[in-house]
Number of protein chains: 2
Amino acid sequence: MMGELGFEKFNFRKLGEKIGSNESSIYRYFENKHKLLLYLTSWYWGWMEYQLVFATHNILEPTEKLTKAIYMITREITEDSNFSHINEVLLNQIVINEYSKSYLTKEVDEEDKEGYFASYKRLARRLSEMIKQFNPNYKYPSSLASTILGGALHQHFLKDHFSSMTECGGEVTPTEYLTNLVFNVLNQNFNG
Amino acid sequence: MMGELGFEKFNFRKLGEKIGSNESSIYRYFENKHKLLLYLTSWYWGWMEYQLVFATHNILEPTEKLTKAIYMITREITEDSNFSHINEVLLNQIVINEYSKSYLTKEVDEEDKEGYFASYKRLARRLSEMIKQFNPNYKYPSSLASTILGGALHQHFLKDHFSSMTECGGEVTPTEYLTNLVFNVLNQNFNG
DNA sequence: GCTAATATAATAGTATTACTATCATTTTTT
DNA sequence: AAAAAATGATAGTAATACTATTATATTAGC
């Protein structure tokens, strides 16, 4: 429903109606819809981290490991894993369209202290570790990791709404673009 | 005021009070606060385009031209140009914190048709042209341009709120990080 | 199977937001 | 000075984002 209506038009009254429940009941589970967004996106990044770790833990070769990591993070989610009660395809769409609203607020620092962004930061750290492993001389592993994470969501958005601003769409995927980007950056920076 | 309160807490009643004017008068100029954000950010990207063109138009050498372009787009705005009635330092902060909210809506496509994102797209195109000029073989000039634009805002945000996710802050600037990134990508891709 | 604890539903209510409408007054233009 | 345009004051509406209260239903432990 949040995916259908978008975050701003979605609310707990409508959700209550849809699931045959009461608005006030939902408020007992989530303080407000912003907290629900934090919960959902946190869950998403946690799931993503699990996928990432699972897909890369037995790869030792740094190039292959990083390639796989970039793929896991930048691919479009097209099927639900059925591992959980949450539909990851829909959640991926929500994250693309709404994630930045979860931290672009005056309350970020406070909510960050309370741990609401821990899973996102942990995923970014894991990715930056793989970048370091591939090239220990590269000076901006954390920034590059955050660029991959943010850039992937952004490219997915652009291909759907501002196609003139990206080559992605059709044949070319955000994965291809970002994989090329990352390895070219890291190969040039081998000597510091 | 939008910078102080953040977009969601800002509204026309408060603005009216502050400037000694009437809520309904403001509605005669802007349909709603979303449209005001579109207006402000559009103005910002137009101003940015002007700065970019002015700073690069007499540079012929592609490396120098692109270097300058990246600097213009990724630098932190610290002083008001006094060219206009708008404070660019504050507007830069608003763009960092609110810009993505202007397009992450269900109405993007409609508003895009009406031209609300034209200046942003024009700026991106100019940047991508410079990228092409530097390296005509590179396959993703538009995506790279949008990554620079989005990535710069993101890195500025991260250094202020999620410092563990970026090397930027203190000595290192988003300009330095992104300049290194762009040239390393483009230098590797000289042969297609 | 009963009791106590807990969760949910129904209803009502509040403060605020995001507007719209109306009409009087002021300012600007010609 | 008259006409046109902009602004102000006031009121009102529908919706949002909740909170509070109390009754009812469900579940858990013994």
Side-chain angles (χ1 to χ4, degrees), chain A residues 1-43 84-86 90-91 94-95 97-114 116-117, chain B residues 1-43 84-86 90-91 94-95 97-114 116-117:
Chain A
M1 188 174 192
M2 193 186 285
E4 264 172 48
L5 300 181
F7 183 66
E8 13 288 309
K9 293 204 184 75
F10 165 88
N11 67 39
F12 285 177
R13 182 180 48 74
K14 290 173 187 170
L15 177 62
E17 275 166 31
K18 187 112 176 184
I19 63 175
S21 182
N22 201 276
E23 190 184 1
S24 58
S25 303
I26 301 167
Y27 273 105
R28 286 198 196 87
Y29 288 90
F30 302 99
E31 267 180 73
N32 50 51
K33 70 174 175 173
H34 175 72
K35 288 282 166 72
L36 173 58
L37 179 63
L38 288 175
Y39 173 81
L40 287 174
T41 55
S42 226
W43 190 96
S84 71
H85 55 292
I86 289 183
L90 297 178
L91 188 50
I94 291 175
V95 169
N97 291 294
E98 321 291 356
Y99 185 55
S100 64
K101 296 171 194 168
S102 78
Y103 58 82
L104 293 177
T105 69
K106 287 287 166 187
E107 296 81 31
V108 221
D109 298 333
E110 221 172 293
E111 291 179 346
D112 181 34
K113 267 184 205 157
E114 290 163 34
Y116 289 105
F117 302 102
Chain B
M1 187 174 192
M2 194 187 283
E4 263 172 50
L5 300 180
F7 184 68
E8 13 288 310
K9 294 205 184 76
F10 165 87
N11 67 39
F12 285 176
R13 182 179 50 73
K14 290 174 188 169
L15 177 63
E17 277 167 30
K18 187 115 176 184
I19 64 175
S21 181
N22 201 276
E23 190 184 2
S24 58
S25 303
I26 302 167
Y27 273 105
R28 285 196 196 90
Y29 289 90
F30 302 99
E31 267 181 72
N32 50 50
K33 69 174 176 174
H34 175 72
K35 288 282 166 73
L36 173 57
L37 179 62
L38 288 175
Y39 172 80
L40 287 173
T41 54
S42 226
W43 190 96
S84 72
H85 54 291
I86 288 184
L90 297 178
L91 187 51
I94 291 175
V95 170
N97 291 294
E98 321 291 355
Y99 185 54
S100 64
K101 295 171 194 168
S102 78
Y103 58 82
L104 293 177
T105 69
K106 287 287 166 187
E107 295 82 29
V108 220
D109 298 334
E110 222 173 294
E111 292 178 344
D112 182 33
K113 266 184 207 157
E114 290 163 32
Y116 290 105
F117 302 103

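Labels below follow one simple rule: chain letters A, B, ... track the order of the sequence lines, proteins then strands, and each chain is numbered from 1.
Near-neighbour residues of DNA chain D inside residues 23-43 of chain B, defined by a heavy atom below 4.0 Å, number-ordered: B/Ser24, B/Ser25, B/Arg28, B/Tyr29. Near DNA chain C, meaning a heavy atom under 4.0 Å from it, residues 3-11 of chain A has no residue at all. Annotation: proximity of residues 98-110 of chain B to DNA chain C (heavy atom, distance under 4.0 Å) is found for no residue.
Residues satisfying the side chain to side chain contact (heavy atoms under 4.5 Å, CB included) test with A/Asn22, not counting sequence neighbours, are A/Ser24, A/Ser25. Evaluation of the side chain to side chain contact (heavy atoms under 4.5 Å, CB included) rule for A/Ser42 yields A/Ser119 as partners, not counting sequence neighbours. Here A/Phe117 pairs with B/Phe162 under the ring-ring contact (aromatic ring centres under 6.0 Å, His included) rule; sequence neighbours left out. By the side chain to side chain contact (heavy atoms under 4.5 Å, CB included) test, B/Glu17 pairs with B/Arg13, sequence neighbours left out. A/Lys14 pairs by the salt bridge (Lys or Arg N to Asp or Glu O under 4.0 Å) definition with nothing, not counting sequence neighbours. Looking at residues two or more places apart in sequence or on another chain, you find a side chain to side chain contact (heavy atoms under 4.5 Å, CB included) between A/Lys35 and A/Glu31, A/Asn32, A/Leu38, A/Glu111, A/Tyr116. Every ring-ring contact (aromatic ring centres under 6.0 Å, His included) that B/Tyr103 has, sequence neighbours left out, goes to A/Phe157, B/Tyr99.
With axes fitted over five pairs at each extremity, the angle between the ends of the helix from C/dG1-D/dC30 to C/dT30-D/dA1 is 30° (10° resolution).
Using a 4.0 Å cutoff to heavy atoms of chain B, the contacted part of DNA chain C runs 5' to 3' from C/dT17 to C/dA21.
Heavy atoms of B/Gly16 sit nowhere under 4.0 angstrom from any nucleic acid atom.
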